[in-house]
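Everything numeric here is computed off the predicted structure, so don't read it as measured data.
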Amino acid sequence: MKAVPRTPMRVIPKTPRVQKTTEKQRRDTSDKGRDPVNVFCRVRPLQSDGDLTSLKVKNSTTIALHPQDQLLQHHKPHNGAQREIQYIFKHVFQPEATQQDVYVSVAQPLVENLLKGRDSLLFTYGVTGSGKTYTMTGNLRHRGILPRCLDVLFRTISDYQAKKFVFLPEKPNGFEILSEEDALLERQKEMNQRFAGAGRFAFRHKDSDPEIASQASVEPIPLLGLDEDNMYSVFVTYTEIYNNSVYDLLEDSGKQETLQSKIIREDANRRMFVHGVTEVEVKTVEEALEVFQMGQKRKRMGHTVLNAESSRSHSVFNIRLVQAPTDSHGENVVQDSRNITVSQLSLVDLAGSERSSRTKNTGVRLNEAGKINNSLMTLRTCLEYLRENQLAAGNGLPPKKIPYRESKITHIFKSYFDGEGQVSMIVCINPRVEDYDENIQVMKFAEMTQEVQIARATPMKQDLGLTPGRRKANKLFKIAINNLNELGIPEAKDLEVDVGLVYSLGPDFPAYQMDSPEAEVKIRELMYYLEQRIEKRKKLRANMDFKCDSFRQMLMNLDRDNLQLRTELASLKAVYKQERDRSAALEKKVRIHESSIDVLNNTLSKRERQVEELTFKLNEKENMLTQKEHEKEKQKKKFSSKLAVESDKNKREFELKLREQRTKLQERMRIKDEKLRLVSNILQSEDLPSLPRSQSSEDILNEKDRGAFTVRTETLSVPATRTDIYATPRHGAAAANNRHRRSRSAGDKWLEHRAANPVPLGTIMQPFLKNRKSVTKLTDMKELTAHGANKYCLVSQDADTDGDVETKLYKGNVIPTCGGGAQVVFNDVECLKQKSPVHSPTRKRPSNGTISALGGGVVPSTVTSVQDVASRCNLGIEGHSSKKSKI
């Protein structure tokens with residue numbers, strides 16, 4: 001039992017924003033399926049029976065190439081096994097294969113893709129003289145792929161073509177839909193140009209070319225699967241790439257004999273196209289072949305040693321099929337450019353690669369061969385990089401940049417390799433043994449090309465919610481109306497059909513005979529059919545009631561909107577009148593203000609002239625001031641140079657005097673150091689008579705002063721007369737304020753500097769320092785300033801002449817210096833001495849003095865004591881070690 005057709009639902013067309021998103025998704029090939037490039041091989045027949053062949057067809061997909069040296073030798077190789085290289089293709093056409101066989105296997109699927117809105121690319125590849133042009137175009141007796149594709153296309157869409165100029169090419173690389181009136185004007189314009197014999201339509205003539213007629217004579221079978229509710233138009237372009245430049249073979253050059261080169265651009269859908277190319281709309285296969293033959297006459301051909309008619313350029317013949325849905329009546333195209341679907345079939349005849357050593361080309365022919373070989377090498381490089389990028393994508397490696405722009409032939413087909421569509425290639429092979437080396441390279445390229453994956457095209461057709469088959473239904477309705485008119489029925493004129501709402505109660509009742517013994521069974525079947533029709537009628541009735549209610553509600557809404565619009569119109573008229581009066585008043589004010597502006601402009605002009613005069617005077621004054629400033633600068637430079645010369649002279653004299661004084665002081669210090677060294681040696685030596693006497697020691701220790709020296713240990717002041725022994729005056733020392741006082745509220749913080757193992761006093765009265773910090777060694781200035789002490793105490797313990805312990809406390813203030821350090825200014829000395837109640841005259845210790853060899857007395861220990869004190873508190877006094885002292 002057949003299914004009952006349902007009433008189609010109307011779908012609201014998509015907005016432009018959604019259309020852009022859909023187009024973007026259509027071009028996004030990252031998540032789409034991919035198909036490999038279809039590579040076919042066609043073997044050319046040998047020109048003579050005496051030629052040797054270098055290949056052998058194993059089966060319908062495999063070819064074996066034999067090395068050239070084995071073919072030329074009459075004996076077999078020494079290893080006994082003949083070497084051969086096998087290559088596998090999608091299909092191999094043997095020499096006896098016909099043009100029809102090649103078309104059915106290679107080109108017919110591409111024409112089907114064209115009708116379904118998919119892009120396709122077909123190109124022939126091979127060495128010169130291998131039969132590429134014959135395969136693509138053919139000759140008078142055997143049509144090639146191009147005329148067969150055109151013939152099948154026009155026979156398939158013959159009943160569904162739109163009128164001419166309904167679709168009009170729109171830049172860039174798009175189409176627009178013209179109304180019937182505009183299309184009629186364009187057709188009239190073309191007819192006038194054709195009668196005048198001007199423009200690109202001048203080549204059209206009534207009598208067809210015999211070559212074209214022979215190519216269009218075969219009647220192929222139309223293809224199936226065409227959408228009958230669409231209207232179609234065919235546009236063709238024919239370009240060639242000569243010396244890496246693109247030329248339009250259909251260009252209306254007028255009086256110019258040479259063609260102008262074109263540029264390649266990219267449209268909004270990321271399709272590459274030739275900018276400014278001539279796009280011709282054709283309606284028949286004869287008209288399309290006429291356009292092709294006109295381009296063939298301009299195509300560059302040449303004679304070489306290997307080929308009498310060698311193509312010196314790459315030719316590209318594009319077939320663009322434009323389709324758009326019809327309206328609800330199926331008569332006219334829907335006037336919305338967003339519903340247009342454009343598909344393209346590119347047929348490319350590549351020029352053959354050549355070796356100059358074989359073709360013997362020179363001059364222009366040699367340059368042409370070089371350009372051809374470079375473009376083919378770029379094509380090979382692009383496909384190889386594309387294959388490597390596809391393999392690297394699975395491994396997570398970064399892709400390589402594909403050099404499409406290095407050649408025009410790769411740049412124009414970038415949208416196929418990086419976009420989506422179906423790509424097919426026919427490799428043409430000349431089996432002669434002389435072409436073995438070239439055939440090897442062609443086979444390697446074909447083998448590599450089969451590994452390239454191209455994204456599968458998925459065209460997005462617009463669903464307008466219209467009933468399928470509306471065009472055919474409208475045609476049948478018109479035939480029925482004509483039949484009724486011929487029968488003289490007057491009601492036929494008032495009949496209307498709504499193809500968008502087709503109601504059907506189901507299939508017809510089956511034919512039954514009630515006189516059969518199975519009448520009851522037949523009656524039950526009829527009742528079942530009737531119940532179905534009743535149920536269907538109820539559904540259709542409910543649908544019609546719903547539509548009537550919707551239509552009634554729509555009329556009420558329209559009436560309400562109409563009343564509201566009338567009210568708004570009346571209010572707007574009143575507002576318009578007020579605005580018009582206000583505009584007249586404003587115009588009057590504008591005229592008054594314009595007159596005032598003229599007066600002000602005149603006054604402004606006068607003021608501007610005065611400003612210019614004053615500006616001129618000001619510039620003169622500024623020039624005078626600038627001149628005076630220059631003179632001052634000159635004088636300043638002059639006196640500066642003189643001052644510099646005098647300064648240098650004075651500086652040199654000062655440095656000379658300074659060096660002399662420094663030399664004298666160094667000499668004095670050397671003499672003093674020598675004296676001190678001798679005194680030290682004398683005091684520390686045990687065998688004084690054996691010491692050598694020098695002039696320096698005699699000057700220091702004379703006869704009058706060689707007695708015993710004694711020192712009063714009770715002295716409470718520091719001997720300032722011997723400080724030159726350990727404190728050398730320094731030049732450039734850091735400045736400090738001796739009157740520096742710290743805040744009394746903070747209290748005194750002492751830094752006590754004592755020996756590592758002090759002698760215990762054991763006395764009742766002992767020194768007491770509140771808030772102190774004890775250290776045993778000061779090696780860095782930071783240890784003096786880091787504790788934040790403002791008082792310094794140096795504890796020194798010595799033994800006097802009687803052997804008693806004498807403790808001295810040197811007290812001072814810690815004063816900061818301008819260099820970030822600190823210095824100690826001693827202001828007090830306390831002396832603590834412990835004596836024995838019993839005097840022991842024999843208890844004498846030479847710890848504080850040295851026995852003199854001259855008189856048996858004691859040498860004063862001032863030198864050693866002072867040196868010891870200086871070495872211990874030099875850092876605390878000066879803020880740095882004595883090694884850093886400067887003379």
After noting the C-alpha distance and the side-chain angles of Phe89 and Phe40, does the key distance pass the ring-ring contact (aromatic ring centres under 6.0 Å, His included) rule?
CA-CA 6 Å; Phe89 299 86; Phe40 302 85; 9.2 Å; no
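- Residues Pro147 and Val285 share a closest heavy-atom pair of O-CG2, 4.5 Å.
- Remark: Phe235 engages Phe175 in a ring-ring contact (aromatic ring centres under 6.0 Å, His included) (not counting sequence neighbours).
- For Leu153 against Leu114, the heavy-atom pair with the smallest separation is CD2-CD2, 3.9 Å.
- Taken from CD in Glu266 to NZ in Lys414, the straight-line distance is 5.0 Å, to the nearest 0.5 Å.
- Ion pairing of Lys116 with Asp227 is absent here, as no side-chain N (NZ or NE/NH1/NH2) approaches a carboxylate O to less than 4.0 Å.
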Where do Gln422 and Asn113 land on the side chain to side chain donor-acceptor pair (under 3.5 Å) test, with the steps shown first?
CA-CA 8 Å; Gln422 183 174 351; Asn113 290 340; 2.4 Å; yes
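- Electrostatic pairing of Glu281 and Lys283 counts as a salt bridge here, judged by a charged N lying under 4.0 Å from a carboxylate O.
- Contact record, Lys164 with Glu190: NZ-OE2, 2.8 Å, taken as the closest heavy-atom pair.
- Under the 4.0 Å criterion applied to side-chain N and carboxylate O atoms, Arg270 and Asp418 are not assigned as salt-bridge partners.
- The two residues Phe165 and Leu168 come nearest to each other via the heavy atoms CD2-CD1, 4.2 Å.
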Begin with the C-alpha distance, continue with both residues' side-chain angles, and end with the deciding distance and a verdict on salt bridge (Lys or Arg N to Asp or Glu O under 4.0 Å) for Asp549 and Arg552.
CA-CA 5 Å; Asp549 294 339; Arg552 188 180 298 106; 2.9 Å; yes
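- Ion pairing between a basic and an acidic side chain is recognised when a charged N comes within 4.0 Å of a carboxylate O; Lys163 and Glu180 show such pairing.
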